[in-house]
Colleague: 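Can you read through this structure? Questions will come right after.
By convention in this document, chain letters (A, B, ...) are assigned in the order of the sequence lines, proteins followed by strands, and residues within each chain are numbered from 1.
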Amino acid sequence: MGDDDHSPLESPEGHWWNQSVNRRESIWLGISGAWAVSMFGWMLGWTQVGEQNQTGQTYEVSTERYRQKVQSFKEAAGTLEVDGEEVLVPDGNDVYVGALQWAWDGLPVVLQPGETYNFHLGSYDVQHGFGVRPEGNLSKQISLQILPGYEWVVEMSFDETGTYHVVCNEFCGVGHRSMHGTFVVQDHEPVETGSGGSESSDAAYGSWFTSDARGGATDFDGEPTDATDQSDVTVEVGADGNGGPYAFAPTAVQVSSGTTVTFEWVSDNHNVLVESQPDGADWEGVDAFENEGYSHSFTFDAQGVYEYYCEPHLGMGMKGVVEVV
Amino acid sequence: MFGLSTFDYDEDGFRECDVTGLTVHKSAEDLVKLFGVTAIVSLAVGGAFALTVALTRWEAIGFLDPGQYYRFTSLHAWFMILFWMVFMEIAILYVGGPFVLGRKLSLSRLGWAGYGIMLAGGALAVFSIATYDLPNQAPFYTSYVPLPSPAPYFAGAVLFLLGALVAAVPFFVTLWHEKREHPSKTLPLITFGAFITGVIALEALVGGITALTPAFLWRIGFLEHLDAAWYRQMFWTIGHGSQQINLLAMITVWYFMTHVIGGAEVASEKISRVAFVLYLFFINLGAAHHLMSDPALSSSWRMWNTSYAAYGAVVASMIHAFAIPAGLEAGRRRKGAGGGLFGWLWSAPWKDPGFSSTILSIILFGFLGGITGVMMGQMQLNMSWHNNLAVPGHFHATVVTGTTLAFMGLAYYVLRLVFGRDWFASRLASIQPFFYGGAMAVVCLMMMYLGLLFGVPRRHPSVMDIPGTAFDFSPSEPFFVVFGIAAILSVVGGALFVVIAVGTLLAGGTFTPPIVEDRAISPVSGDAAPPHEQSMRGTFVLVLVFFAVFVVLYALNWFLLSQVWEIGP
C-alpha cells in the first residue's frame, strides 16, 4: 500500500490545495451550508412567531431571599379546594415555585386556562429541574433548569385544563426520585387573595411558628405539649405534618429543667439546627443530615425557649421549640 | 511489552508493518499497548456496571435500590466515558503521530508518567464514588455544585485530567520534531486529524481543570461559595469538550480504518482538512447546548452559540459524512472493486470486524447520534430534550454506537497489527459488531422514545413508582421492556468483544499479513484516474437519504414542541 497516491497515511504530494473537488462533493457542501443557515433561521424565526421560547428575565437572588419570596407568594395567595385538596390561588399573575430537597414549595396552585402567568423558578439548596407535563398526555413535556442563586421568570399560558405534574429532572440527592408536585389548570370562581394568609393569632414563642419568621407558617396549633412531669421526653424528627414528613412531634414541648430530650429520626434526611437558645445554654443540635433510626439526646438545664429547625425542610415549616419552664 | 506480541524490532527499535507499510517504533508501540489494554479492561468493568444500571431502569427487574443506582450509574460513567474513552484516545494520538510519521515517541517517559497520574487520579475518583456517605451524594458525571460530591472525587478528577494532559505532551513534541526536520512537508491526513484532536483535547482538559479545581477548594471549605451557573459553564468545557475529543478521534479512526481495510483513498485533501479546521475553531462552543434551558444566559448568547456550532461544527461533520464513504467509493473503484451504484459497498469486506465496526459506526453515529445532537442544540427544541432519557439516548448513540464501535474496530486491528496475533474465534469476531451495534442501536432508540414521547426523566431509578403520589410513567412500560432486553443483548455483545480481545491476546495464533479477504482486488483492473475524478454517485445517494431523514426528524421534533403550551414572551 506504500504505492497509494492518495493514502491518508502519507503526506499528499504536489499542490493538493489546488486539486479540484468532485462535483458531487461540492453539491453536498452547498446543501450542508444551506441546511445550517436554514436551521439557524428557523430557530431565530421561532422566537418571533413560535409559541415556545424559554426566555425571560433572570435575577440574582440568595436562596434565603428566594425562600422569603415564595413565602410571601403563599401568604398572599387565596385557597381553593380542588378534588379534596387545598390548593393555592395566586394573587395576580405571578406564580413562585421553590425547589428544595425534595419538594416543590409554592405548589400546588390552580391556574385559569388562557391566562398568562409569570412562573418564577428558583431553588432553596441545590440544582433542580422543572420537568412539567399534563397528566393525560406525557409527550407534551418540557424541562427547565433551576439554579440556586438565580430566579428565572418565564411566562407560561395553558389552554388545556387538568392536572400538570412536576418532577425534578436534575439529580438533587438521594431523595431525588420522590420530588413531585402538581398544579391544576381549570376555570374557577374568583377567590379572595392578597389577605396575607391566615395569620395565626397565637404568637406563642415570638413569631417563630408564623409567617413572620424564617421558613414561614407551620401547622403548629399554638398549644405546646406539657411534659414537665417527665424526666425523659422524646421528640420525633420527620413526623407527618406540614404537607409531608416535615414536622417535629411534638412541635413545641415544655419540660422541666434537667430533662433529657431524645430526638428520634422517623424519616430520612433531616437535621436539627438551633435558631436561638437562652443565654448560657450550649445545645449544638445535629448538623449532619441523618436518616431514620438515628437519635440524639441532650439534657436541657437553662431555662427559656430553644428554637430549632430542620435545614432542608425549613421552607416546609419544619420548626420546633423546647421550652424549659 | 506484556510479552504478548509476536513482532521483533531491529536494533534501533523499529519494525516495518506489512499491512499498513508504517514504520513503528517500540517506544510508541509499548505505550499504545499499555493504554489500549487499560481501555479494554475498563470497557469490561464499565459494561458490568451498564448491566446493573439498565436492569434497574427496567423496573420489572429493578435490580438496584435507589441509593445504589445513583452510585452505580456514576461508576458506569467513569469507567466508560473517562477510562475506556480517554485511555483509548491517548493510544490513538500515539498511532496518529509517531506510527504514521515513522518516528520514535519523543519524551516517551512523559507518556508513562501521564499514564501513572491518570491511573492514580482515576482510582481516587472511583474509590470515592464507591465509598461515599451522606452528606455526600453521587457525583454522576457532572458533580453539579452545590450538591456535595466527595472532596476526594474532585481531587481525583483533576488528577486524571492532569495525567491526560501530561500524556498528550509526547505526541505534540513528536510532531514538533517532525516539522523541524521537514518544515515544508504536509502532515498526512491522519496525523493532521490526530493533531486537531490533540489541540481540542488540550482546550477541554484545561477547561476541566479550571472548573474542578475551584470545586475541590469549595468542597474542602477553602472557598465559601461557588456559583452554580459559573460551574455549569466551566464544567461543560470538559464535559462536552471531551466528547469532541471522542468525535475527532473517531473520525480519524474512520479515515484510518476505511483506508487500511477497505482501500479508501482521500477524496479531497482540501475539503477534509478544512472540515478538521472548522472543528478546531467552532466545535468547542457547541458545548453551549448544555445550557440552552438554563437561567442566567440571554437568548442571544444561546442563539449565537448554537448557530455558531451549527455553522461550524455541523457542516464539518456533514463534510466528513460525505468524504469518508466517498473516499471508500473512489478508492475501491480505482482498485476495480466497485461496479454500478453500490458495487464498491457490496464487495466490501463485511466479514472483517474491523471494517464492519467502522461502517456501522459511521451509519449509527450519523443517523442516531448526529441528527439528535443537532436537534437538541436548537434553543427551543432543547426544552423537550433537556434532562430526560432522550439525552442518554443521544449520547449513547454517539459515544457507544459511534465512538465505541469505531474503537472496537481499531482494537481488532491493534490486536493484529500491534500485538501480531490473529483473532481467536474469528467467526464470532465477524458477528460481534453487528450484534453489538444492532442491540445498542435499539437501546438508544428506546431511550429517545421514552424521553421525548413520555418525558421519562434521566437519572431516575423508579418512574413506575414515585413515592408520595399516584402519578407515574406507566404508559411507557412496553418501551422499557424492549429497552431492557436490548440492553442485556448489548452487554452480551460488548462482553463478546472483551472475550475475543482477551482470548486473542492469550491464545490467538500469529497474524500473518496481508489482510486476506479483501486484498484480492487488483489495481490493474481499476480506473487509474485520481480519486476526485472517480464517480461518487453511490455516496451521493447515501447522503441524500441521510439528509432526507434529517429533515423529517427535524420537522417532527418541532411539531412535537409546537403542541406544548405557550412558553415565553
Colleague: So for F322(B), is it side chain, backbone, both, or neither that comes closer than 4.5 Å to the heavy atoms of chain A?
Modeller: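 Both the backbone and the side chain of F322(B) come within 4.5 Å of chain A.
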Colleague: Examine whether an atom of F99(B) lies under 4.5 Å from a heavy atom of chain A, and if so say whether it belongs to the side chain, the backbone or both; otherwise answer neither.
Modeller: neither
Colleague: Who among V100(B), L291(B), L297(B), T469(B) has the most heavy-atom pairs with chain A under 4.5 Å?
Modeller: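 If we count pairs closer than 4.5 Å to chain A, T469(B) comes out on top.
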Colleague: Which bit of L187(B) is near chain A, if near means a heavy-atom gap under 4.5 Å: side chain, backbone, both or neither?
Modeller: backbone
Colleague: By a 4.5 Å heavy-atom criterion (distance strictly below it), what part of R302(B) contacts chain A: side chain, backbone, both, or neither?
Modeller: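 Side chain of R302(B) only, per the 4.5 Å heavy-atom cut-off to chain A.
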Colleague: Top residue by heavy-atom pair count (under 4.5 Å) with chain B, among E151(A), E135(A), M156(A)?
Modeller: M156(A)
Colleague: Are F40(A) and W304(B) an aromatic pair by the rule of ring centers under 6.0 Å?
Modeller: no
Colleague: Does any heavy atom of chain B fall under 4.5 Å from the side chain of V153(A), the backbone, both, or neither of them?
Modeller: neither
Colleague: By a 4.5 Å heavy-atom criterion (distance strictly below it), what part of I271(B) contacts chain A: side chain, backbone, both, or neither?
Modeller: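 For I271(B), the side chain is the part near chain A, not the backbone.
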Colleague: From T142(B) OG1 over to Q127(A) CD, what is the distance, rounded to the nearest 0.5 angstrom?
Modeller: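 With rounding to 0.5 Å, OG1 (T142(B)) is 8.0 Å from CD (Q127(A)).
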Colleague: Got a sec: does the CH2 of W42(A) have more than 12 other heavy atoms crowding it under 6.0 Å?
Modeller: no
Colleague: Flag the one option from F256(B), F454(B), Y144(B) with the top tally of heavy-atom pairs under 4.5 Å to chain A.
Modeller: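 Between F256(B), F454(B), Y144(B), the count favours Y144(B).
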Colleague: Heavy-atom cut-off 4.5 Å, strictly under: side chain, backbone, both or neither for E160(A) against chain B?
Modeller: neither
Colleague: Using the ring pair (Phe, Tyr, Trp, His ring centres under 6.0 Å) definition, which of the options F158(A), Y117(A), F119(A) pairs with W565(B)?
Modeller: F158(A)
Colleague: Which atoms of V551(B) are under 4.5 Å from chain A, going by heavy atoms: the side chain, the backbone, both sets, or neither?
Modeller: both
Colleague: Is it the side chain or the backbone of H165(A) that comes within 4.5 Å of chain B heavy atoms, both, or neither?
Modeller: side chain
Colleague: Mark yes when over 12 heavy atoms from residues, nucleotides or ligands other than N18(A) sit less than 6.0 Å from its CG; otherwise mark no.
Modeller: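 Yes, enclosed.
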Colleague: Measure L22(B) against the heavy atoms of chain A and call it side chain, backbone, both or neither at under 4.5 Å.
Modeller: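 Side chain of L22(B) only, per the 4.5 Å heavy-atom cut-off to chain A.
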Colleague: When rounded to the nearest 0.5 angstrom, what is the spacing between CD in Q52(A) and CG in L561(B)?
Modeller: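 Interatomic distance, Q52(A) CD to L561(B) CG, rounded to 0.5 Å: 4.5 Å.
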Colleague: With a 4.5 angstrom heavy-atom cut-off, which part of A326(B) approaches chain A: side chain, backbone, both or neither?
Modeller: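 Neither part.
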Colleague: Given Y150(A) and D227(B), is the side chain to side chain donor-acceptor pair (under 3.5 Å) satisfied, shown in steps?
Modeller: CA-CA 10 Å; Y150(A) 294 91; D227(B) 186 83; 2.8 Å; yes
Colleague: Side chain, backbone, both or neither: which part of S562(B) has a heavy atom under 4.5 Å from chain A?
Modeller: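 Contact with chain A involves both backbone and side-chain atoms of S562(B).
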Colleague: Which answer fits N137(A), side chain, backbone, both or neither, if we ask what part of it has an atom under 4.5 Å from a heavy atom of chain B?
Modeller: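 Contact with chain B is absent: no heavy atom of N137(A) under 4.5 Å.
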Colleague: Please confirm whether the backbone N or O of G455(B) pairs with a side-chain atom of R133(A), one donor and one acceptor, at under 3.5 Å?
Modeller: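 At least one qualifying donor-acceptor pair exists.
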Colleague: Could you give the distance from CG (L29(A)) to CD1 (I319(B)), rounded to the nearest 0.5 Å?
Modeller: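 The distance works out to 5.0 Å.
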Colleague: Under 4.5 Å heavy-atom distance to chain B, tell me which part of V174(A) shows up: side chain, backbone, both or neither.
Modeller: both
Colleague: What part of Y69(B) gets within 4.5 angstrom of chain A, counting heavy atoms only: side chain, backbone, both, or neither?
Modeller: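 For Y69(B), no heavy atom lies under 4.5 Å from chain A.
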Colleague: Which one, R458(B), H225(B), R232(B), leads in non-hydrogen pairs under 4.5 Å with chain A?
Modeller: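 Top option by heavy-atom pairs under 4.5 Å: R232(B).
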Colleague: How long is the straight-line distance from CG of N387(B) back to CD of E170(A), given to the nearest 0.5 Å?
Modeller: 4.5 Å
Colleague: In Å and rounded to the nearest 0.5 Å, what is the NE2 to OG distance from H532(B) to S20(A)?
Modeller: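 Nearest 0.5 Å value for the NE2-OG distance: 3.5 Å.
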Colleague: Which heavy atom of W152(A) sits nearest a heavy atom of S293(B), and at what distance?
Modeller: CZ3-O, 3.3 Å
Colleague: Which bit of L144(A) is near chain B, if near means a heavy-atom gap under 4.5 Å: side chain, backbone, both or neither?
Modeller: both
Colleague: Under 4.5 Å from any heavy atom of chain A, what part of Y449(B) do you find: side chain, backbone, both or neither?
Modeller: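 Interface part for Y449(B): neither.
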Colleague: Within the supplied structure, the quantity of interest is the number of heavy atoms (other residues, nucleotides, ligands) at a distance under 6.0 Å from R537(B) CZ; does it exceed 12?
Modeller: yes
Colleague: Nearest 0.5 Å, please: how far is CD in Q54(A) from OG in S384(B)?
Modeller: 9.0 Å
Colleague: Measure distances from F140(B) to the heavy atoms of chain A and classify the residue's part below 4.5 Å as side chain, backbone, both or neither.
Modeller: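 For F140(B), the side chain is the part near chain A, not the backbone.
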Colleague: Side chains of L544(B) and I31(A): does their closest heavy-atom pair fall under 4.5 Å?
Modeller: yes
Colleague: Sort Q101(A) into side chain, backbone, both or neither according to what part of it lies under 4.5 angstrom from a heavy atom of chain B.
Modeller: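 Looking at Q101(A), just its side chain touches chain B.
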Colleague: With a 4.5 angstrom heavy-atom cut-off, which part of T47(A) approaches chain B: side chain, backbone, both or neither?
Modeller: both
Colleague: Counting only non-hydrogen atoms closer than 4.5 Å, does A323(B) touch chain A with its backbone (N, CA, C, O), its side chain (CB onward), both, or neither?
Modeller: both
